[in-house]
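Scroll down for the structure; my scribbles are underneath it.
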Amino acid sequence: MTGLKRLIFLTNDDGIGAPGLQCLHRQILAAADWQVLVVAPDGERSGAGHSVSLRRPVYVSEHNLNSLPGRAWAVAGTPADCVKVGLAALTDAKPDLVLSGINRGANLGTDVFCSGTVSAAVQGAILGIPSLAISLNAYEGANYGLAARVAVRLAGLILCHGLPPGTMLNVNVPDRPAAAIPGFALTRLGSGAWLNQVQTRVDADGRSYYWLASDPSAVANETGTDHLAMAEGKVSITPIHFDLTHPPALDLLGEWDLGAAWRALG
Ligand code: MN
């Protein structure tokens, strides 16, 4: 009767060997009667955003994920490649959910534009599958257990209620015990980016290069945002749609004399 089981497509951007993905995989098998198909990058692709591999081969190899049941594939490509290739070639069944994570480090506000974790889930939404990206706000000694339980619980709600077409949920979990978390917060993306610091450094050969660092303390925590929820120790849930059109700007552009601009092109 396995054909009746829900199929979860599990991916990430930290790579198939990342502890966040393995913890989430284990939690799904322990807590839910779902099938899991793992299709994840063969190494870390954090910061890959929605990039895809064009004009080069994308190799896929079967991977033994600690002898856990279900198939796992390592993809020599980006997180978006994993979703595209996985759905097209590695399963005959359409998954019920694309689950991306658990990422090592939060994905808040404008982070979503460079996040491979979020982009994999957006790719799932583009291909018509309800999708969830989940990230833990920690880098060192990260404890993924709570985030994994949150992911499975929210996945269950998505499977029960569905999501509007083209929508994914971007979820961030604070790095603290459940007892110290007030609860969920429905949020919008914060506009304040982390303060990206471009540092100039010098390598061993005396050549200068640039190092992109970021300072999470430099974020403005506006009302209703994922940044504020994280600062308050809550689990943020931000629904995201891939249609990035800004309707107020369309109205403003309608007041420009584009007809004259076109005629001036001669
Ligand atoms: Mn990552």
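Order of listing sets the numbers, starting from 1, for every ligand and every atom in it. None of the values given here were measured: they were computed from a predicted structure.
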Worksheet item: Hey, quick one: are L99 and I240 part of the same hydrophobic cluster, counting side-chain heavy atoms closer than 4.5 Å, chains of contacts allowed?
Response: no
Discussion item. Under 3.5 Å, is there a donor on one side chain and an acceptor on the other for T117 and S100?
Written reply: no
Practice prompt. Verify whether one side chain among E222 and H227 offers a donor that lies under 3.5 Å from an acceptor in the other.
Written response: no
Discussion item. So does V39 get a backbone contact from the side chain of H63, meaning a donor-acceptor N/O pair under 3.5 Å?
Written reply: no
Discussion item. Suppose the cut-off is 2.8 Å; which protein N/O/S atoms would you list for the Mn ion (ligand 1)?
Written reply: D13 OD1, D14 OD1, S46 OG, N103 OD1
Worksheet item: Any donor-acceptor pair under 3.5 Å linking the side chain of T91 with the backbone of A93?
Response: yes
Fill in: Candidate list N107, D14, N12, test side chain to side chain donor-acceptor pair (under 3.5 Å), partner S46, passing option
D14
